[in-house]
Amino acid sequence: MVDMTSFRGSVQTPQTQTPSWLPAIRSVEMDRPWVWLASAWQDMMAAPGISFAYGALAVISSLVLVVGLATLDMEYLLLPMAAGFMLVGPLFAVGLYETSRLLELGERPTLAKVVAAYRRNGVQIAGIGMVLMLALLAWIRVAFLIFALFFSGEPPALDQLVDRIFFSAETIPFLLTGTVFGGIIATAVFSIAVVSVPMLLDRETDVFTAMATSIAVVRANVKPMVAWGFLIALFMSAGMVTGFLGLAIALPVVGHASWHCYRDLVGIGR
């Protein structure tokens, strides 16, 4: 395992003034996300069965979603649903956080231990899950409205989908509008969720404290968090454009790295 205190950029004392009811928040340097990714790869190699099982589940779920939307003649929702997956990803990755936590403790991860992790602080994890699901529903609603605005209430059929979205007169304003509104929602979700789900798994705390801690982490590390958010989007997008097959690697890498992000940025305390 990687000793997270041994890399340049790790600061072991709080760097920001936070309320007494929050844990200590550390500040890190811009290159720190690469350390989290390196640690994630080591976790994947230490527990490949669980890691790639999660990746395979993400691939299968995505393909089932594609088939389901096609069956319902709602192919136009593929793009917003793919983006929306990243909103609820932190909840999906609880088992990956638990795998990294067990490896950090020197224990051997097993499927039974990983599944049991969802029950450790189940009520609070379910609470953050509801928040993330509401964000996903809000994004889907916004996506419906954007499609209605640019396509006169008649979403393009499957055989016209690519041409209408990427090679028509509406392309630039449509993509700009979707990017702006999607970016606003994604930024808000990232701010409240970047360390909150791993924190709820790791500590007996409540969802409001976890979300407040996550926001404090982002405020104290704006540039590294922007870089981390960009890398998450890059990895997940690369996984999706490969026909979702790349998620078999992208999801476990991001999931394990998110655990190390939490451990690096949130100190001892509540």
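In this chain, numbering begins with 1 at the start of the sequence shown.
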Q.
Measuring only between side-chain heavy atoms, which start at C-beta, is Thr213 closer than 4.5 Å to Tyr262?
A. no

Q | Contact check, side chains of His256 and Trp259, non-hydrogen atoms, under 4.5 Å | A | no

(Q) Quick check for you: to the nearest 0.5 Å, what is the distance between Glu204 atom CD and Thr209 atom OG1? (A) 12.5 Å

Q) Does the side chain of Met236 come within less than 4.5 Å of Leu251's, by heavy atoms? A) yes

Q. Got Trp228 and Ser258 here, is their nearest side-chain heavy-atom distance under 4.5 Å?
A. yes

Q: Would you name the heavy atoms of Leu96 and Ser51 that are closest together and state the gap between them?
A: CD2-CA, 4.1 Å

Q) Heavy atoms, side chains only, cut-off 4.5 Å: are Leu132 and Leu87 in contact? A) no

Q: Check the pair Gln124 / Thr205 against side-chain contact (heavy atoms from CB on, under 4.5 Å), numbers first and verdict last.
A: CA-CA 8 Å; Gln124 302 303 323; Thr205 189; over 6 Å; no

Q. Does the pair Asp202 and Tyr97 meet the rule for a side-chain contact (heavy atoms from CB on, under 4.5 Å), with working shown?
A. CA-CA 9 Å; Asp202 189 45; Tyr97 306 150; over 6 Å; no

Donor-acceptor pairs are to be reported for all side-chain atoms of residues 184-200 against protein atoms at under 3.5 Å, with residues two or more places apart or in another chain.
| unit_1 | atom_1 | unit_2 | atom_2 | d |
| --- | --- | --- | --- | --- |
| Thr187 | OG1 | Gly183 | O | 2.7 |
| Ser191 | OG | Thr187 | O | 2.9 |
| Ser196 | OG | Ile192 | O | 2.7 |

(Q) If hydrophobic clusters are built by linking Ile, Leu, Val, Met, Phe, Trp and Tyr wherever their side-chain heavy atoms come under 4.5 Å apart, do Val253 and Leu102 end up in the same one? (A) no

Q. Of Arg120, Lys113, Arg119, which meets salt bridge (Lys or Arg N to Asp or Glu O under 4.0 Å) against Glu98?
A. Arg120

Q: Start with the C-alpha distance between Val35 and Asp31, add both sets of side-chain angles, then the distance that settles side-chain contact (heavy atoms from CB on, under 4.5 Å), and finish with yes or no.
A: CA-CA 7 Å; Val35 176; Asp31 60 352; 5.9 Å; no

Q. At their closest point, which heavy atom of Ala47 faces which heavy atom of Pro109, and how far apart are they?
A. CB-CG, 4.3 Å

Q: Group every Ile, Leu, Val, Met, Phe, Trp and Tyr by side-chain heavy-atom contacts under 4.5 Å, then state whether Val254 and Leu245 land in the same group.
A: yes

Q) If two hydrophobic side chains count as joined below 4.5 Å and joins carry through other members, does Leu103 share a cluster with Val115? A) no

(Q) For a quick test of reading the model, state the closest non-hydrogen atom pair linking Met86 to Ser237 and the distance between them. (A) CE-OG, 4.4 Å

(Q) Using every non-hydrogen atom in the two residues, find where Val94 and Ala117 come nearest and quote the distance to one decimal. (A) CG1-CB, 4.4 Å

Q) Is it true that Met45 and Trp36 fall in one hydrophobic cluster, defined by side-chain heavy atoms closer than 4.5 Å? A) yes

Q: Search all heavy atoms of Ser27 against all heavy atoms of Ala220 and return the closest pair with its distance.
A: OG-O, 3.6 Å

Q) Is any NZ, NE, NH1 or NH2 atom of the basic residue among Arg101 and Glu104 found under 4.0 Å from an Asp or Glu carboxylate oxygen of the other? A) no

Q) Is a side-chain donor or acceptor of Asp43 paired with a backbone partner of Ser100 at a separation under 3.5 angstrom? A) no

Q) If you measure from SG on Cys261 to CD1 on Ile232, what distance do you get to the nearest 0.5 Å? A) 7.5 Å

Q | Joint cluster assignment, Met30 & Trp34, ILVMFWY side-chain distance < 4.5 Å | A | no

(Q) Before you tell me yes or no, could you show the steps for Val114 and Tyr54 under side-chain contact (heavy atoms from CB on, under 4.5 Å), namely the whole-Å CA-CA distance, both residues' side-chain angles and the distance that decides it to 0.1 Å? (A) CA-CA 11 Å; Val114 167; Tyr54 258 83; 4.0 Å; yes

Q. More than 12 non-hydrogen atoms from neighbouring residues, nucleotides or ligands closer than 6.0 Å to CZ on Phe92, yes or no?
A. yes

Q. Quick one: CE on Met133 to CG on Leu91, what's the gap to the nearest 0.5 Å?
A. 9.0 Å

Q: Please examine the side chains of Phe181 and Leu145, heavy atoms only from C-beta on, and report whether any two atoms are closer than 4.5 Å.
A: no

Q | Spacing of CZ belonging to Phe230 relative to CZ belonging to Phe235, to within rounding of 0.5 Å | A | 10.5 Å

Q | From CD1 (Ile146) to OG1 (Thr179), nearest 0.5 Å | A | 9.0 Å

Q) Would a 4.5 Å heavy-atom cut-off, applied to side chains only, mark Leu37 and Trp41 as touching? A) no

Q) Does Asn221 reach the side chain of Arg32, with side-chain heavy atoms less than 4.5 Å apart? A) no

Q. Of all heavy-atom pairs between Ala93 and Gly255, which one has the smallest distance, and what is that distance?
A. CB-CA, 4.2 Å

Q: Any chance you could measure Leu63, atom CG, to Leu247, atom CG, to the nearest 0.5 Å?
A: 9.0 Å

Q | Donor-acceptor pair, side chain of Thr99 and main chain of Gly95, under 3.5 angstrom | A | yes

